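Structure first, then comments.
For ligands, and for the atoms within them, numbers begin at 1 and follow the listed sequence. Just so we're clear, the structure is a prediction, and the values are computed from it rather than from any experiment.
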Amino acid sequence: MISLKDKILVIGACGQLGAELTLELRKIYGDAQVVAADIAVPKQRELAESGPFEILDVLDRHHLADLAYKHEFTQIYHLAAVLSATGEKRPKFTWKINMKGLENILDLTLEKGIAKVYWPSSIAVFGPNTPRQHTPQHTIMDPNTVYGISKLAGERFCEYYATRYHLDIRSLRYPGLISYKALPGGGTTDYAVDIYYKAVEEVPFECYLAEDTYLPMMYMPDALKATLELMHAPTENIKIRSSYNLTAMSFSPAEIAASIQKHIPDFKITYKPDYRQQIAASWPETIDDSVAQQDWNWQPDYDLPRMTQDMIENLRKQKAGL
Ligand code: VAH
């Protein structure tokens, strides 16, 4: 339910999801009601100029408490995390940021009586022994990346705080997210963003995944829709307090390249798998998100052709400075 007295903190507001989610929240709750926070100042002008911004290290509990006292937050969207590919290069740092950061937010929520928390999980919580087709909500979960392990532990921690302390914590297992407004950072699925930029720049694209590597994916408008529908659903509808399976489509690099070539026939792609191939191979190919459909009526709007059309249109406008 939406109350315009809400005061919202978005941590990780400069990231691929955070930048757009902050602007959407400001449209709903009002610019001054949504405080953006990140470890560094935003590069995105609209984000910097549209409302309050705070520099915040999510490991700094004291600064977190000071901000909560100053702003009297009623909701927190905690998006700050190190993603899968970067995580394998800095495992200890990733575990610290992803786990200690979440613990600090959960403890702050308990101490300050913050009404609602959003925390993103990922399909990275699944691993090599998870059924890879139509992966169910409840199944084997043996992630073998530090990012995936931290997200699985985080899901357990969120469910523990929700059950033991009755905190209203909500979460989605995002697939790969694709957008044109803010670049992703350090993910295994980032190729699916970069491929559009290279196509519009009319530059050949070398893909770090094999051409038949199927992964669950989602266009950013659908990710924003799912996040806000989940957070605005009546509490009694939210039956899953670990994290909801969520998807919109699945495709391979060969398929996304073919959808681009319908618009840019000369676009060329080559394949040179690197260490990220092993990460992608441990994840599901398709996701069963029927629990999200039944609990809060989830339905995506974008498939691959519609996303490709929109991405190319908007990247061409950006390139022309429109
Ligand atoms: C990553 N984009 O690639 C993230 C995501 C499903 C993957 O969590 O690490």
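- The closest donor-acceptor contact from the side chain of Asp142 to the backbone of Asn129 lies under 3.5 Å.
- Side-chain heavy-atom separations under 4.5 angstrom define the hydrophobic clusters, and the remaining members of the one that includes Tyr147 are Leu83.
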In residues 55-62, what donor-acceptor pairs under 3.5 Å come from side-chain atoms, sequence neighbours left out?
unit_1	atom_1	unit_2	atom_2	d
Asp57	OD1	Leu59	N	2.8
Asp60	OD1	His62	N	3.2
Asp60	OD1	His63	N	2.9
Arg61	NH1	Asn104	OD1	2.8
Arg61	NH1	Asp107	OD2	3.3
Arg61	NH2	Asp107	OD2	3.4

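- The 4.0 Å heavy-atom shell around ligand 1 contains residues Leu83, Ser84, Ser122, Ile123, Tyr147, Tyr174, Pro175, Gly176, Gly187, Thr188, Thr189, Trp283, ordered by chain and number.
- Relative orientation of the His71 and Phe73 rings is parallel, given thresholds of 30° and 60° on the angle between their planes.
- The salt bridge (Lys or Arg N to Asp or Glu O under 4.0 Å) contacts involving residues 93-106 comprise Lys100-Glu103, where partners must be two or more places apart or lie in separate chains.
- Transitive grouping of hydrophobic side chains (ILVMFWY, heavy atoms separated by less than 4.5 Å) keeps Leu224 and Ile76 in distinct clusters.
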